[in-house]
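Just so it is clear, the model here is predicted, and its values are computed rather than measured.
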Amino acid sequence: MAEAERVGRRGRGGGGAARRAERSAVRFETARFIERNIPNLEILNEEALQIIEHNAETVLEEIGVAFVENPAALQRWRDAGADVSGERVRLPRGLARKLCETAPSRFTQIARNPARNVEIGGNSLVLAPVYGPPFWRDLDSGRRYATMADFETLVKLGYMSEWLHHSGGTVCEPTDVPVNKRHFDMLYAHMSLSDKPFMGSVTEPSRAADSVEMAKILFGEDVVDQNCVMTSLININSPLTFDSVMMGALEEYAAAGQACIISPFIVGGAMAPVSVMGTLTQVLAEVLAGVAYSQLVRPGAPAIFGAFVTSIDMNSGAPTFGTPEAQQITNGAGQLARRLGLPYRSGGAFNGSKLPDAQAAYESANSLQNALLSGVNFMLHACGWLEGGLVASPEKFVMDADQLGILHKFAEGVPIDANAQAMDALREVGPGGHFLGCAHTQANYQSAFWRTKLLDYRPYETWAEDGGHSTFELASARVQKLLRDYQAPMLDPGVDEALKDYVIRRKAEMPDAFI
């Protein structure tokens with residue numbers, strides 16, 4: 001972008017041709033992360049919150065949590081004063097909460113373009129794309145396994161998206177690359193095809209270590225040591241189990257001072273109780289134990305209170321999304337996170353639909369709006385999610401990304417200055433007039449209302465004459481336009497070469513593995 005600006009400055013002295021070239025140049029903007037000017041919706045009263053907090057401490061003290069196949073973790077807990085029996089860890093009341101006090105309530109994740117840095121915590125909201133789907137669906141090819149080319153497509157779309165602040169992590173699983181080597185290609189794609197913040201690999205501790213090493217090449221070792229340059233998604237095997245793979249990744253990131261999202265993976269009725277209060281009790285207990293453990297590894301390491309929560313269809317056993325119970329849990333968990341003094345991750349464009357259709361839109365809209373009102377600070381899966389997270393879709397990606405602009409606008413709140421009061425417009429128009437031509441409208445029309453870049457608001461006749469395209473088709477056309485317009489951000493050639501050398505060397509050290 002800096003190079004484009006320099007070219008633009010040189011071009012302005014070149015007459016009409018230069019001005020025309022400047023007008024036709026590819027330009028895109030990325031909005032700053034959201035700072036809410038609206039209150040959070042809080043549905044739990046003080047009595048309910050105290051009951052949940054008391055019961056969560058009871059779970060940790062009496063039932064305990066399992067740290068499996070991880071002797072080092074068990075020893076850390078013993079040294080901290082926990083009761084360890086086999087792989088079961090029981091925490092004295094108050095121990096986990098005390099350990100959590102060293103985790104920051106707000107921190108900065110830096111990007112290689114400083115203009116893209118994000119603040120996580122407080123009143124901020126950072127939006128990141130879909131994470132983890134092994135399948136892909138687009139208008140042309142239908143549903144199939146995802147590839148590395150698909151992964152790169154989503155990184156490019158994320159980079160071009162105005163309302164998306166973060167490049168994310170495993171935006172889809174590139175199944176055409178060996179399991180033990182794909183993290184190199186995914187990280188390199190985030191580092192080279194985008195200059196927004198990104199996430200590291202968590203599928204094996206050594207892959208987390210590779211992520212840290214590649215970040216040191218990109219940013220510099222001293223920068224990584226003193227700053228958060230990556231977030232990572234550390235899922236808990238609910239109920240109450242911390243496996244060695246995820247904890248091994250957490251240990252690598254926490255030791256390096258990088259942020260971990262400690263996130264119970266809850267399907268209500270299967271992995272947690274069917275009641276809202278019972279699920280919130282389990283979520284809080286698991287987060288307390290996970291964040292506390294990150295602080296045993298390195299006090300002060302950034303940690304995020306995560307809550308991925310869905311309910312279950314009791315007839316089919318399938319997860320359901322956008323439901324009122326899940327919204328209540330998302331909201332209540334936000335209250336618990338704020339009382340604990342931790343940034344909060346939840347929400348996303350969740351839906352169980354197989355296509356980007358009405359079901360997908362209803363469920364995604366319910367989830368997105370509720371997450372905004374629940375005080376979420378880091379929203380993973382904000383765009384691109386289909387079929388309960390099994391499928392990534394580029395069309396759904398741009399549909400959701402367009403709608404994220406609504407969150408930005410809503411979060412601004414309602415201004416009350418003289419211009420917003422519009423008394424001059426009311427005086428000018430008076431009874432029986434209209435406001436289309438008044439001075440206030442003329443001065444404000446460009447910024448007065450949020451504008452979609454995707455949806456079709458034209459009259460039926462115009463829409464029909466133009467082909468009568470569905471939103472799915474319009475989204476497919478927008479995907480193609482964005483990809484045609486895409487230009488990679490500048491990356492220092494020496495850094496780029498060093499990253500490629502690291503990837504080649506590390507890949508050569510291991511045979512391919514697809515399991």
Side-chain angles (χ1 to χ4, degrees), residues 127-158 160-161 163-164 166-176 186 199 233 235 265 267 308-313 316-323 326-327 330 346-371 379-404 406-407 454-455 469-480 482-483:
L127 301 170
V130 64
Y131 186 109
F135 295 102
W136 175 270
R137 176 183 286 278
D138 62 32
L139 185 63
D140 296 327
S141 62
R143 188 182 191 271
R144 56 173 172 77
Y145 280 106
T147 67
M148 192 62 215
D150 300 329
F151 187 98
E152 292 172 350
T153 289
L154 293 185
V155 173
K156 291 175 182 178
L157 292 177
M160 298 286 284
S161 295
W163 305 116
L164 203 62
H166 203 282
S167 193
T170 307
V171 289
C172 64
E173 280 285 352
T175 59
D176 57 337
M186 292 190 287
M199 302 175 73
L233 179 59
N235 279 323
F265 192 93
V267 178
F308 175 87
V309 178
T310 180
S311 50
I312 193 171
D313 178 14
S316 69
T320 55
F321 298 91
T323 60
Q327 292 181 40
T330 298
S346 193
F350 296 141
N351 67 92
S353 183
K354 287 63 177 178
L355 295 169
D357 57 8
Q359 179 186 343
Y362 288 140
E363 294 174 350
S364 294
N366 287 343
S367 298
L368 288 170
Q369 284 287 342
N370 182 63
M379 188 193 297
L380 203 55
H381 312 300
C383 56
W385 169 295
L386 275 180
E387 202 177 318
L390 289 174
V391 171
S393 163
E395 290 90 358
K396 182 65 160 50
F397 194 105
V398 299
M399 290 179 193
D400 293 335
D402 184 67
Q403 291 294 293
L404 296 180
I406 293 177
L407 302 190
L454 175 65
L455 304 181
H469 298 296
S470 68
T471 304
F472 198 178
E473 293 167 326
L474 294 173
S476 180
R478 178 155 177 78
V479 167
Q480 298 310 312
L482 288 170
L483 294 177

Notebook entry, point to check: Under 3.5 Å, side chain of D138 to main-chain N/O of S476, donor-acceptor pair present?
Noted result: no
Check: So, the side chain of E363 versus the backbone of G352: is there a donor-acceptor pair under 3.5 Å, distance only?
Finding: yes
Next item on the list: For L390 and R137, run side chain to side chain contact (heavy atoms under 4.5 Å, CB included): C-alpha distance rounded to whole Å, both residues' side-chain angles, the deciding distance at 0.1 Å, then the answer.
Entry: CA-CA 10 Å; L390 289 174; R137 176 183 286 278; over 6 Å; no
Item checked: Heavy-atom side-chain contact between M399 and L454 under 4.5 Å -> yes
Next item on the list: Could you pull out the closest heavy-atom pair between D176 and M148, with the gap in Å?
Entry: OD1-N, 2.9 Å
Next item on the list: With rounding to the nearest 0.5 Å, note down the distance linking CZ in F397 to CG in D402.
Entry: 12.5 Å
Note to self: Taking the side chain as everything from C-beta on, heavy atoms only, tell me whether L139 gets closer than 4.5 Å to E473.
What the structure shows: yes
Checklist line | Polar side-chain atom of E152 near backbone of A149 as donor-acceptor pair, under 3.5 Å | finding: no
Next item on the list: Find out whether K396 and V391 are in side-chain contact, i.e. whether some heavy atom of one side chain is under 4.5 Å from a heavy atom of the other.
Entry: no
Notebook entry, point to check: What closest approach, in Å, do G348 and S367 show between heavy atoms, and which atom pair accounts for it?
Noted result: O-CB, 3.0 Å
Next item on the list: Of all the heavy-atom pairs spanning A360 and S353, show the shortest one and how long it is.
Entry: N-CB, 3.6 Å
Notebook entry, point to check: Is a donor on one side and an acceptor on the other found under 3.5 Å between the side chain of T175 and the backbone of A146?
Noted result: yes
Next item on the list: Can you measure from CG (L164) to SG (C383) and round to the nearest 0.5 angstrom?
Entry: 4.5 Å
Next item on the list: With rounding to the nearest 0.5 Å, note down the distance linking CG in L233 to CZ in F308.
Entry: 10.0 Å
Margin query: Walk me through whether N366 and N351 qualify under side chain to side chain contact (heavy atoms under 4.5 Å, CB included).
Written below: CA-CA 9 Å; N366 287 343; N351 67 92; over 6 Å; no
Next item on the list: State the CZ-CG distance between F472 and L355, to the nearest 0.5 angstrom.
Entry: 6.0 Å
Note to self: Please find the pair of heavy atoms, one from F151 and one from P174, that lie closest to each other, and give the distance.
What the structure shows: CD1-CD, 4.4 Å
Margin query: Nearest 0.5 Å, please: how far is CG in L380 from OH in Y131?
Written below: 7.5 Å
Check: Just wondering, do F321 and S364 contact through their side chains at under 4.5 Å, heavy atoms?
Finding: no
Notebook entry, point to check: Where the side chain of E395 meets the backbone of P356, is there a donor-acceptor pair that is under 3.5 Å apart?
Noted result: no
Item checked: D400 side chain to A349 backbone, donor-acceptor under 3.5 Å -> no
Notebook entry, point to check: Between CZ of R143 and CG of L386, what distance do you get to the nearest 0.5 Å?
Noted result: 10.0 Å
Item checked: Closest approach of S316 to D313 (non-hydrogen atoms, all atoms of both residues) -> OG-OD2, 2.9 Å
Next item on the list: For A401 and W163, work out which heavy atoms get closest and say how close.
Entry: O-CD1, 3.2 Å
Next item on the list: For W136 and T153, run side chain to side chain contact (heavy atoms under 4.5 Å, CB included): C-alpha distance rounded to whole Å, both residues' side-chain angles, the deciding distance at 0.1 Å, then the answer.
Entry: CA-CA 11 Å; W136 175 270; T153 289; 4.1 Å; yes
